[in-house]
Amino acid sequence: MWLDPHRPRPFAFVSHGHADHFARHQRVLCSPGTGHILVKRYGVKASKIEALDWGEQRIINDHHITLHPAGHITGSAMIRIEGPDQSILYTGDFKTRSSHTAEIAEFPKSDILIMETTFGRPQFVFPPTDEIEKQISRFACETLEDGETPVFFAYSLGKAQEALAILHNAGIETVVHKTVFEMTQACREIKVDLPNPVLLEKNIPPGVAVIAPPNAVRARAIRSHKKRRTAMLSGWALTPGSQYRYQVDQVFPLSDHADYPGLLESVEKVSPSLVYTLHGSTREFARDLRAKGIEAWSIYGDDQLELLESASPEIPLKSELSRPTSDLRGLSELLESLTTTASRLKKIELLSIFLQDCNDEELPFVTRWLSGSGITHLGHVMIRQALLEVTGFPLAKYKTVSASQNDTARTARLLLEEAPLNPLAHSFKEVATHFDQLRTADGSIAKTQLFSCFLQQCHPAEGETMVRLLTGGLRAGAKEGLYEEAVAKAFNLSPSDIRYAAMLTGDLGEVAIAAKNKTLDQIQLRPGKPIKPMLASPSENTEDIIKWHDSKDIPLWLEPKYDGIRSQLHVTPNGAHLFSRDLRSLDNEFPEILEAARALPSCLLDGELIAYAEGKRLTFFDLQKRLGRKKIQGDLFLGAAIPVRFIAFDCLYAQKSLIDSPLEERRKALESLELLDPFTTIPLIRSNGTDIKALEREFKKAMSDDNEGLIAKNCLSSYQPGRRGQSWKKLKGVMPTLDCVVIAAQQGHGKRAGVLSDYTFAVRDKESGELRTLGKAYSGLTDNEIEDLTDHFQKTTIEKISRRVVKVEPTIVLEIAFDKIRPSKRHDSGLALRFPRIKAIRSDKSLDEIDTLQTAKKLV
DNA sequence: TCTGATGCGTC
DNA sequence: GTCGGAC
DNA sequence: GTCCGACGACGCATCAGA
């Protein structure tokens with residue numbers, strides 16, 4: 001018999017109904033209350049459950065087994081196993097204080113005690129429960145009086161019911177999230193004295209409090225409710241930074257675990273001769289017991305997601321740490337306000353004021369940092385390493401914190417708050433120098449070292465900002481467009497002028513300084529300086545294209561959409577250059593193209609690089625082999641094996657800038673260049689803009705020529721760099737689909753951190769009968785669908801594969817659309833999809849109706 | 001020296 | 001590349 | 001309509017660890 005095992009076992013004791021203590025065992029021993037919860041929460045078959053009443057005795061292999069209330073949540077039990085020589089008590093999770101929904105804990109005397117020590121450090125002393133309850137009620141009342149909604153986050157089983165009882169006793173009307181609703185009903189069914197719960201519908205009615213599980217922080221009904229004040233109910237409220245960690249307005253230390261005095265008290269009652277400790281501060285608590293003359297050892301395994309050790313006394317807490325006023329601090333504070341305000345206008349206002357305060361030297365690079373360029377990024381592995389160096393924490397601790405955050409920057413801040421730091425003031429210039437050093441440092445070890453030294457001199461908040469900047473994940477809800485408007489506002493210019501200049505340079509920093517000095521008009525297009533390519537908006541079908549064109553008099557211009565690499569060819573008297581879609585230089589990768597371009601006059605061409613050999617186009621994957629190469633070495637060989645052509649479809653400069661000229665004129669300029677191999681001009685179809693049949697024919701032809709589809713262009717439009725405007729439309733082929741079953745689900749990042757957002761799907765191999773994975777997808781589902789699926793997958797989890805991934809029962813059939821299917825080593829089907837997306841959740845289909853590997857292979 | 005994990009940039 | 005959500 | 005941030009597979013480079 002296993003005790004609370006994480007993996008499915010033939011026979012296991014399950015102490016209570018929380019997910020971290022449960023797996024799909026063949027037979028389960030538990031209290032009747034827990035048994036009922038397992039049925040309701042995880043859909044466990046009642047026949048698999050062997051319930052044992054409090055004090056009732058069972059004999060298994062000559063051992064007397066009894067269960068005793070643990071006081072953690074409804075039904076939570078300790079198990080006592082008495083053998084011929086000695087007795088063992090395993091506590092599961094427990095608490096010593098009384099509560100509204102859990103039975104009062106009993107501590108039978110035993111020789112060996114295996115106990116949980118989640119809060120096994122002396123600083124964990126919870127205030128009296130009635131005191132906490134009063135605070136909670138007061139928070140709810142005050143919030144309601146202010147016309148706002150109090151929202152409590154609490155585990156859906158246990159804490160949520162406590163909260164419901166507390167609010168009910170205080171006479172506060174409460175609505176609860178779906179999972180809380182279900183768990184409350186389950187508790188009521190086993191005679192726990194709780195008010196009838198009211199389910200939270202789409203919108204929160206006025207005058208009520210809300211109880212939701214912590215992972216509903218991002219649920220739509222709650223997020224969209226602006227007038228809310230949030231509170232987290234957790235014992236971790238006692239740790240520094242918890243309010244920040246949970247991103248709530250308030251935290252209350254309402255806990256279902258024993259605090260430090262409670263742990264000691266329970267050891268005393270059991271009076272064991274040997275203690276093993278589990279969860280949380282296992283080593284510390286065992287050490288404390290040994291100091292009292294009780295033999296005690298920790299069983300390693302800090303598998304509790306929420307675990308966060310508190311600062312040791314010699315390290316100053318966050319509040320005591322000085323936070324020097326500095327440029328960097330200003331930037332931190334700016335980012336913080338940007339993140340918290342949803343209003344676009346407000347963000348622009350904040351940014352513009354900030355930019356006005358920068359001097360000429362700072363302005364360009366600060367603008368670049370904010371708009372996400374000009375910083376070499378550090379990967380999260382290097383950042384993790386630097387954090388471990390500064391804090392001296394073990395990797396396990398990083399992982400625990402990171403698992404609860406899913407955000408490197410926030411993880412950094414939490415860890416730094418417990419680290420011995422020496423915050424100094426940092427000017428922008430110093431920060432810029434540091435970024436430079438990081439960029440030029442050789443190797444990841446040197447970079448890590450540099451960064452950890454810098455972090456040591458940062459206040460945690462500034463450390464977080466540095467990490468945000470270095471990971472590029474500002475998550476401030478602002479990108480290019482908004483920054484352009486901010487620059488315009490800061491220097492009193494029109495946003496369109498700023499945008500135009502930004503299009504030309506692709507460097508907002510340069511634009512900002514020009515704006516400040518009123519020299520914007522000096523920014524002009526010229527070959528050698530890359531500009532952002534114009535993009536096409538997608539359209540559904542040929543009908544859309546006709547509707548969009550909407551003209552009898554103007555021809556509809558069509559070009560095939562090649563499957564290559566978008567690139568810009570700049571030819572100047574001093575040499576030629578190639579740039580990629582995001583303005584990276586491709587010069588090293590395609591030297592033979594540059595060589596050939598020397599024969600061309602000065603010009604700037606927009607086009608597509610494609611792989612082409614022996615009169616035939618090769619695939620994108622062939623072409624990709626030539627990307628990312630650092631050394632020119634072997635280029636001769638590669639150039640021969642995978643020759644490349646540049647297919648030009650636009651000309652932005654020929655003697656003068658043609659950016660503002662209509663496409664017609666640009667095309668003329670392009671044709672007058674009379675390009676020769678390896679340069680070609682894209683075939684152009686000047687079609688009648690009203691004949692849908694003709695359009696269909698052209699589209700079919702483009703597809704049968706192995707193109708991705710067609711690009712439709714308005715021949716009178718100017719070139720709009722960097723915008724996915726309406727002057728160009730793309731039309732792609734109808735995608736094939738396969739019906740697949742989900743076999744694993746993965747936790748998301750950022751705004752998808754509380755949900756299982758990413759699904760591994762599989763098809764059936766007819767030969768072996770096995771399921772074979774084909775790929776992963778999330779794209780295509782709405783937030784609500786993801787929430788529902790998360791719920792479903794939590795209930796149908798078979799086992800935890802890794803920190804983020806769970807294996808689930810194959811119950812959900814998805815219709816997966818994709819562009820192409822091809823052989824691959826990534827998945828065990830030996831196939832992979834290009835651009836997979838979820839077209840539909842096929843709840844009408846069952847596992848035996850999914851597509852087969854053999855069908856999939858035919859589509860290759 | 002090889003391999004797998006990670007980062008980065010292309011679609 | 002894909003997509004949904006927010007403004 | 002437009003921007004933004006969640007994500008897919010693939011190929012090359014780099015680095016840690018076998």
Side-chain angles (χ1 to χ4, degrees), chain A residues 218 220 223-224 342-347 372 376-385 406 442-445 447-448 471-485 499 535-538 561-567 580-586 588-589 608-610 619-631 634 638 642 708 720 722-726 730 732 735 746 748-753 755 757-761 774-786 816-827 831-839:
Chain A
R218 293 177 185 82
R220 193 157 54 160
R223 221 176 3 156
S224 61
S343 153
R344 218 182 123 80
L345 291 174
K346 190 82 210 274
K347 285 183 187 184
T376 43
H377 291 173
L378 287 196
H380 69 258
V381 173
M382 275 190 258
I383 288 177
R384 179 176 74 192
Q385 193 53 41
N406 260 317
D442 207 15
S444 63
I445 295 165
K447 287 185 196 209
T448 308
T471 51
L474 248 48
R475 290 209 174 112
K479 271 213 167 154
E480 209 78 19
L482 195 133
Y483 292 113
E484 286 166 8
E485 290 195 42
R499 165 164 295 197
L535 304 169
S537 300
K561 187 180 189 313
Y562 284 108
D563 189 7
I565 292 164
R566 181 76 177 271
S567 76
S580 71
R581 205 180 115 167
D582 48 4
L583 310 190
R584 205 177 59 84
S585 165
L586 294 173
N588 284 335
E589 279 113 313
E608 193 90 1
L609 282 167
I610 61 159
T619 66
F620 172 75
F621 297 98
D622 295 314
L623 178 59
Q624 208 174 10
K625 292 188 176 54
R626 294 203 47 186
L627 281 181
R629 295 196 170 262
K630 293 243 159 117
K631 284 181 234 156
L638 263 176
I642 306 166
E708 281 196 296
Q720 292 138 39
R723 292 291 174 276
R724 199 178 284 284
Q726 295 302 309
K730 63 176 160 186
K732 297 186 80 168
M735 63 264 179
Q746 188 173 345
H749 292 87
K751 67 182 175 191
R752 304 235 181 279
V755 286
S757 69
D758 200 323
Y759 311 118
T760 305
F761 49 84
L774 196 55
K776 291 202 297 177
Y778 115 94
S779 182
L781 294 178
T782 64
D783 284 359
N784 283 339
E785 286 170 325
I786 293 175
I816 306 286
F818 54 93
D819 266 35
K820 280 197 180 79
I821 183 165
R822 62 188 303 271
S824 154
K825 283 184 201 154
R826 185 173 298 229
H827 301 291
L831 298 172
L833 307 178
R834 192 183 189 201
F835 310 149
R837 52 224 124 122
I838 299 165
K839 202 176 166 202

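Here is the naming used below: chain letters follow the sequence lines, and residue numbers restart at 1 for every chain.
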Practice task
Select base, sugar-phosphate, or nothing to describe what Asp582(A) touches, counting heavy atoms under 4.0 Å on all strands.
Solution key: sugar-phosphate
Problem - Rounded interatomic separation in angstrom, taking CZ from Arg837(A) and P from dA9(D) - result: 13 Å
Problem - Shortest side-chain distance from Ala832(A), nucleotide among dG1(D), dA9(D), dC7(D) - result: dA9(D)
Exercise for the section: Looking at every strand, decide which applies to Lys732(A) at a 4.0 Å heavy-atom threshold: base, sugar-phosphate, or nothing. Expected result: sugar-phosphate
Practice task
Choose from dC11(B), dG11(D), dG8(D) the nucleotide whose nearest atom is closest to any side-chain atom of Lys776(A).
Solution key: dG8(D)
Problem - Pair Lys347(A) + Glu485(A): basic N to acidic O under 4.0 Å - result: no
Exercise for the section: Measure from the side-chain heavy atoms of Arg822(A) and tell me the nearest of dG11(D), dG8(D), dC3(C). Expected result: dG11(D)
Handout entry: Sugar-phosphate, base or nothing in reach of Leu781(A), heavy atoms under 4.0 Å
Key = sugar-phosphate
Completion exercise
Whole-Å distance, Asp783(A) CG to dA6(D) P, equals 11 Å
Problem - Of the listed nucleotides dG1(C), dT2(D), dC7(D), the one nearest the side chain of Ser757(A) - result: dC7(D)
Handout entry: C1'-based separation of dT10(B) from dC7(D) [nearest Å]
Key = 16 Å
Exercise for the section: Report the distance from atom CG of Leu586(A) to atom CZ of Arg581(A), rounding to the nearest 0.5 Å. Expected result: 13.0 Å
Handout entry: Spacing between Met735(A) atom CE and dA9(D) atom C1', to the nearest angstrom
Key = 18 Å
Completion exercise
Here the distance between atom C1' of dG9(B) and atom CZ of Arg566(A), to the nearest Å, is 16 Å
Problem - Side-chain heavy atoms of Glu708(A) within contact of Asp563(A), under 4.5 Å - result: yes
Exercise for the section: Give the rounded distance in Å between these two atoms: CD of Gln726(A) and C1' of dT2(D). Expected result: 9 Å
Practice task
Give one of base, sugar-phosphate or nothing for Lys561(A), where a contact means two heavy atoms less than 4.0 Å apart.
Solution key: sugar-phosphate
Practice task
With the side chain counted from C-beta on, respond yes when Asp819(A) and Arg837(A) share a heavy-atom pair under 4.5 Å apart, and no when they do not.
Solution key: yes
Problem - Short side-chain N/O contact to dT2(C) OP1/OP2 from Lys730(A), under 4.0 Å - result: yes
Problem - Arg581(A) side chain, from C-beta outward: closest of dG8(D), dC11(B), dG5(C) - result: dC11(B)
Problem - Any Gln746(A) side-chain N or O less than 4.0 Å from OP1/OP2 of dC7(D) - result: no
Problem - Residue whose nearest DNA chain D nucleotide is more 5′ - Ser779(A) or Leu831(A) - result: Ser779(A)
Fill in the blank from the handout: Note: for Leu833(A) and Gly628(A) on DNA chain D, the residue whose nearest nucleotide lies more 5' is Leu833(A)
Exercise for the section: Determine the contact category for Leu623(A): base if any of its heavy atoms lies under 4.0 Å from a base atom, sugar-phosphate if only primed atoms, P, OP1 or OP2 are that close, otherwise nothing. Expected result: nothing
Problem - Which nucleotide in dC11(B), dC10(D), dT2(D) has an atom nearest any side-chain atom of Arg826(A) - result: dC10(D)
Exercise for the section: Could you tell me whether the phosphate oxygens of dG9(B), OP1 or OP2, come under 4.0 Å of any side-chain nitrogen or oxygen in Arg584(A)? Expected result: no
Practice task
Give a yes or no on whether the backbone of Gly628(A) and the side-chain of Glu589(A) come within a donor-acceptor separation of less than 3.5 Å.
Solution key: yes
Exercise for the section: Grab the CD1-P distance between Ile565(A) and dG11(D) for me, whole Å please. Expected result: 13 Å
Listed pairs, N/O of protein and of nucleotides 3-6 of chain B, under 3.5 Å:
none

Problem - Side chain Glu608(A), main chain Gly564(A), donor-acceptor under 3.5 Å - result: yes
Exercise for the section: State whether Arg752(A) places a side-chain N or O below 4.0 Å from either non-bridging phosphate oxygen (OP1 or OP2) of dA6(D). Expected result: no
Exercise for the section: Check whether any side-chain N or O of His749(A) sits under 4.0 Å from OP1 or OP2 of dG5(D), and answer yes or no. Expected result: no
Practice task
Quote, to the nearest angstrom, the C1' distance that separates dA6(C) from dT3(B).
Solution key: 45 Å
Practice task
Ignoring hydrogens and angles, tell me if any N or O in the side chain of Arg626(A) forms a donor-acceptor pair with the backbone of Ile642(A) under 3.5 Å.
Solution key: yes
Exercise for the section: Indicate, with a heavy-atom threshold strictly under 4.0 Å, whether Ser580(A) touches base, sugar-phosphate, or nothing. Expected result: sugar-phosphate
Practice task
With the side chain of Pro836(A) defined as its heavy atoms from C-beta on, choose the nearest nucleotide among dG1(D), dG8(D), dG11(D).
Solution key: dG8(D)
Problem - Backbone N/O of Arg724(A) and side chain of Ser537(A): donor-acceptor pair under 3.5 Å - result: yes
Handout entry: Distance, rounded to the nearest Å, where Gln624(A) contributes CD and dC12(D) contributes P
Key = 8 Å
Problem - Residues that Arg822(A) engages under side-chain contact (heavy atoms from CB on, under 4.5 Å), provided they are two or more places apart - result: Phe621(A)
Practice task
Can you tell me the distance, in whole Å, between the CD1 atom of Ile610(A) and the P atom of dT10(B)?
Solution key: 18 Å
Exercise for the section: Using a heavy-atom cut-off of under 4.0 Å over every strand shown, decide if Phe835(A) touches base, sugar-phosphate, or nothing. Expected result: base
Handout entry: Residues that Tyr759(A) engages under ring-ring contact (aromatic ring centres under 6.0 Å, His included), provided they are two or more places apart
Key = Phe793(A)
